[in-house]
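Take a look at the structure below.
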Amino acid sequence: MTRSFDGIGYDDFRRMASDESLSLHERIGFPDSYREGYEAAIFADIASKLSNLDGASKKILDIGPGCAGLPSLLIEHSVARGHELVLVDSAEMLAHLPDGERVIKVPGFFPNCEAALDEWKGKFDAILCYSVFHYVFVEAAFWRFLDYSIELLSDGGQMLIGDIPNVSKRKRFFASDAGIRFHQSFMNSNDVPEVNFRSVERDRIDDAAILAVIMRARAQGCDAYWLPQPATLPMANRREDILIVKP
Ligand SMILES: C[S@@+](CC[C@H](N)C(=O)[O-])C[C@H]1O[C@@H](n2cnc3c(N)ncnc32)[C@H](O)[C@@H]1O
């Protein structure tokens with residue numbers, strides 16, 4: 001399969017999931033410092049945007065839950081409310097996640113798992129895809145990912161495509177004084193980050209790609225919004241979210 005975003009893709013994640021030398025955060029591609037101590041705040045932000053996670057007996061889909069703390073929080077949240085929670089990722093990732101009543105693990109590569117998911121067409125109240133879209137963008141049939149997700153939503157259903165690294169936002173930040181200070185403190189040096197507004201950003205998501213997703217969702221009968229992350233989240237200066245709502 002094609003390698004993606006940071007040089008890793010679905011098959012690399014499968015291997016990393018079973019690598020005992022890695023921490024749970026490293027198995028989903030993050031250094032510990034990017035996630036440790038932040039998961040409750042990340043989950044609170046997700047729940048504030050995906051308000052359908054509230055209530056009782058909802059149908060929820062998590063595309064690419066991985067194996068660190070976030071899916072455990074979602075499982076706990078869903079079991080406590082009697083939601084049906086469907087988790088789609090590789091068997092190797094899913095093996096790390098706790099089981100629970102009405103928690104259904106579907107091993108596979110989304111959206112190439114329609115046979116397993118078609119029974120939920122038009123039924124999901126909430127779909128979460130967090131920190132996954134940049135892999136899908138390169139490796140999967142990107143528009144089919146969006147179109148099939150929309151088909152899976154119920155009326156009133158919500159989809160959060162969260163934690164999208166946006167190269168345009170990154171450039172704006174690192175060209176600013178705040179971005180230069182951030183870089184210098186992170187790198188412990190006086191270097192000024194290199195920013196090229198004319199470079200071809202192969203395989204990277206930019207403002208145009210985000211807008212295109214929003215426009216296509218809107219053209220297919222959904223409302224769609226471009227949302228920031230709270231500044232307290234670890235990558236808020238270069239990542240953002242899309243919320244799609246089927247009226
Ligand atoms: C960076 S991790 C994010 C995990 C989790 N959502 C989180 O934020 O903690 C990316 C996850 O997406 C999964 N993934 C990547 N592409 C996928 C696809 N097309 N279908 C299902 N899972 C996918 C990987 O296996 C990995 O577990």
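Quick note: numbers below take in every heavy atom, side chains included, and nothing from hydrogens, waters or symmetry partners. Order of listing sets the numbers, starting from 1, for every ligand and every atom in it.
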(message) Any nitrogen or oxygen of Asp89, side chain or backbone, less than 3.5 Å from one on ligand 1?
(response) yes
(request) Report the part of Pro65 in contact with ligand 1, treating N, CA, C, O as backbone and CB onward as side chain, heavy atoms under 4.0 Å; options are side chain, backbone, both, neither. (result) backbone
(request) Compute the minimum heavy-atom distance from Gly108 to ligand 1 and say whether it is under 4.0 Å. (result) yes
(request) Kindly identify the option in Cys129, Ser131, Gly64, Ala68 whose heavy atom sits closest to atom 4 (C) of ligand 1. (result) Gly64
(message) Looking at ligand 1, is there an atom of it that comes within less than 4.0 Å of some heavy atom belonging to Ser90?
(response) no
(request) Pull out every atom of ligand 1 sitting under 4.0 Å from any heavy atom of Gly66, numbered as shown with elements. (result) 4 (C), 27 (O)
(message) Parallel, tilted or perpendicular: which one describes the rings of Phe142 and Phe133, with boundaries at 30° and 60°?
(response) tilted
(message) Tell me whether the count of non-hydrogen atoms from other residues, nucleotides or ligands lying under 6.0 Å of OH in Tyr38 goes above 12.
(response) no
(request) Tell me, please: is Arg14 in heavy-atom contact with ligand 1, that is, under 4.0 Å? (result) no
(request) Please work out whether the ring planes of Phe174 and His183 are parallel, tilted or perpendicular, with thresholds of 30° and 60°. (result) perpendicular
(message) Polar contacts were defined as any N/O atom of the residue lying under 3.5 Å from an N/O atom of the ligand; does this apply to Tyr10 and ligand 1?
(response) no
(request) With heavy atoms only and a cut-off of under 4.0 Å, state how Val132 meets ligand 1: side chain, backbone, both or neither. (result) side chain
(message) At under 4.0 Å between heavy atoms, is it the side chain or the backbone of Phe13 that contacts ligand 1, or both, or neither?
(response) side chain
(request) List every atom of ligand 1 that sits less than 4.0 Å from any heavy atom of Val88, numbering the atoms from 1 in the order shown and giving each element. (result) 21 (C), 22 (N)
(request) For Lys59 and Asp125, run salt bridge (Lys or Arg N to Asp or Glu O under 4.0 Å): C-alpha distance rounded to whole Å, both residues' side-chain angles, the deciding distance at 0.1 Å, then the answer. (result) CA-CA 5 Å; Lys59 294 190 191 311; Asp125 300 291; over 6 Å; no
(request) Would you check if Ile210 and Glu240 make a side-chain contact, meaning some heavy-atom pair closer than 4.5 Å? (result) yes
(request) Please name the pair of heavy atoms, one in Ser131 and one in Arg239, separated by the smallest distance, quoted to 0.1 Å. (result) OG-NH1, 3.2 Å
(request) Taking atom CG of Asn188 as the centre, report whether more than 12 heavy atoms of other residues, nucleotides or ligands fall under 6.0 Å from it. (result) no
(message) Nearest 0.5 angstrom please: Arg102 CZ to Ile104 CD1, how far?
(response) 7.5 Å
(request) Select the closest option to atom 18 (C) of ligand 1 among Phe110, Phe133, Phe145, judged by heavy-atom distance. (result) Phe110
(request) Considering only non-hydrogen protein atoms, determine which one is nearest to atom 8 (O) of ligand 1 and report residue, atom name and distance to 0.1 Å. (result) Arg35 NH2, 2.8 Å
(message) Only heavy atoms of Ile28, strictly under 4.0 Å: list the atoms of ligand 1 that pass.
(response) 1 (C), 2 (S), 9 (O)
(message) Parallel, tilted or perpendicular: which one describes the rings of Phe30 and Tyr34, with boundaries at 30° and 60°?
(response) tilted
